[in-house]
*Asks:* 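Please find one structure pasted underneath; my questions will follow.
Everything numeric in this text was worked out from a predicted model, so none of it was measured.
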Amino acid sequence: QVQLVESGGGLVQAGNSLRLSCAASGDTFSTYSVGWFRQAPGKELEFVAAIWASGGSQYYAHSVKGRFTISRDNAKNTVYLQMNSVETEDTAVYYCVADALPLLRAGVFQHDYWGQGTQVTVSS
């Protein structure tokens, strides 16, 4: 069992940066792959980024590649999403998810654990 708590959301101006954190408690976090999803107002939940349990590989949605970076510190049981050059289209609730697998499952809803979400609002 893993409990996930996101933090770091808030209001940010377009072009600036923000870092989200996903803190885990419970099971051995280093054995879990982790991802970030987001849901903008009136839109469906979408994949943002994911990182292997080992931290060896990361992958990104096309819309954020080159601007966002996912990383993890297993000693701190925390995964980060560094968001640079944010755009108004990045406004959404951001959710952290985790799977008890080396790689995150494909798909939006097929994940073992979810955080409660953190709001990111980008102003123009």
Side-chain angles (χ1 to χ4, degrees):
Q1 287 273 344
V2 167
Q3 293 78 42
L4 304 173
V5 178
E6 302 96 334
S7 62
L11 177 63
V12 60
Q13 202 163 16
N16 287 350
S17 298
L18 199 65
R19 190 177 78 162
L20 306 183
S21 298
C22 173
S25 60
D27 208 347
T28 308
F29 187 56
S30 61
T31 63
Y32 286 75
S33 55
V34 179
W36 287 94
F37 284 76
R38 67 186 183 185
Q39 187 166 29
K43 295 190 177 181
E44 295 183 347
L45 202 59
E46 65 172 359
F47 169 77
V48 176
I51 188 167
W52 288 13
S54 66
S57 285
Q58 306 84 36
Y59 42 108
Y60 300 91
H62 178 74
S63 59
V64 307
K65 198 167 187 177
R67 299 188 298 119
F68 290 10
T69 302
I70 187 171
S71 62
R72 66 189 299 158
D73 185 342
N74 285 338
K76 295 183 178 180
N77 284 357
T78 302
V79 169
Y80 304 98
L81 184 69
Q82 179 67 43
M83 305 167 61
N84 296 334
S85 301
V86 296
E87 303 169 352
T88 55
E89 291 78 11
D90 296 321
T91 294
V93 177
Y94 284 71
Y95 296 93
C96 175
V97 305
D99 290 336
L101 295 169
L103 280 70
L104 200 71
R105 288 190 183 89
V108 174
F109 297 106
Q110 297 80 357
H111 302 292
D112 295 336
Y113 302 100
W114 289 75
Q116 83 288 352
T118 186
Q119 175 71 48
V120 172
T121 303
V122 182
S123 64
S124 57

*Asks:* Does the side chain of I70 reach to within under 4.5 Å of the side chain of V79, using non-hydrogen atoms?
*Replies:*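 Yes. Closest side-chain heavy atoms under 4.5 Å.
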
*Asks:* For this output row, return yes or no: ring centroids of F37 and F47 closer than 6.0 angstrom.
*Replies:*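 Distance test on ring centres: under 6.0 Å, yes.
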
*Asks:* State whether the side chain of R72 and the backbone N or O of W52 hold a donor-acceptor pair below 3.5 Å, judged by distance alone.
*Replies:*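 Side chain of R72 to backbone of W52: a pair is present.
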
*Asks:* So, T78 side chain and K76 main chain: donor-acceptor pair closer than 3.5 Å or not?
*Replies:*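 Here the side-chain-to-backbone pair exists.
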
*Asks:* Checking the side chain of R19 only, and the main-chain atoms of Q82 only, is there a donor and an acceptor separated by less than 3.5 Å?
*Replies:*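 Answer holds: no.
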
*Asks:* Does CD in Q110 sit with more than 12 non-hydrogen atoms of other residues, nucleotides or ligands closer than 6.0 Å?
*Replies:*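 Buried by this count: over 12 neighbours within 6.0 Å.
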
*Asks:* Using modelled atom types only, decide if a donor and an acceptor are shared between the side chain of Q39 and the backbone of Y94 within a distance under 3.5 Å.
*Replies:*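 Here the side-chain-to-backbone pair does not exist.
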
*Asks:* For S33 and L104, indicate whether the former's side chain and the latter's backbone hold a donor-acceptor pair under 3.5 Å.
*Replies:*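 Yes, because the side chain of S33 sits within donor-acceptor range (under 3.5 Å) of the backbone of L104.
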
*Asks:* Backbone N or O of A75 within a donor-acceptor pair of the D73 side chain at under 3.5 Å?
*Replies:*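 A pair under 3.5 Å: yes.
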
*Asks:* Taking the side chain from R105 and the backbone from L101, do they hold a donor-acceptor pair closer than 3.5 Å?
*Replies:*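 A pair under 3.5 Å: no.
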
*Asks:* Return yes if some donor-acceptor pair links the side-chain N/O of N77 with the main-chain N/O of F29 below 3.5 Å, else return no.
*Replies:*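 Such a contact is absent between N77 side chain and F29 backbone.
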
*Asks:* Would S123 and Q13 satisfy side chain to side chain donor-acceptor pair (under 3.5 Å), going step by step from the backbone distance to the final call?
*Replies:* CA-CA 5 Å; S123 64; Q13 202 163 16; 5.2 Å; no

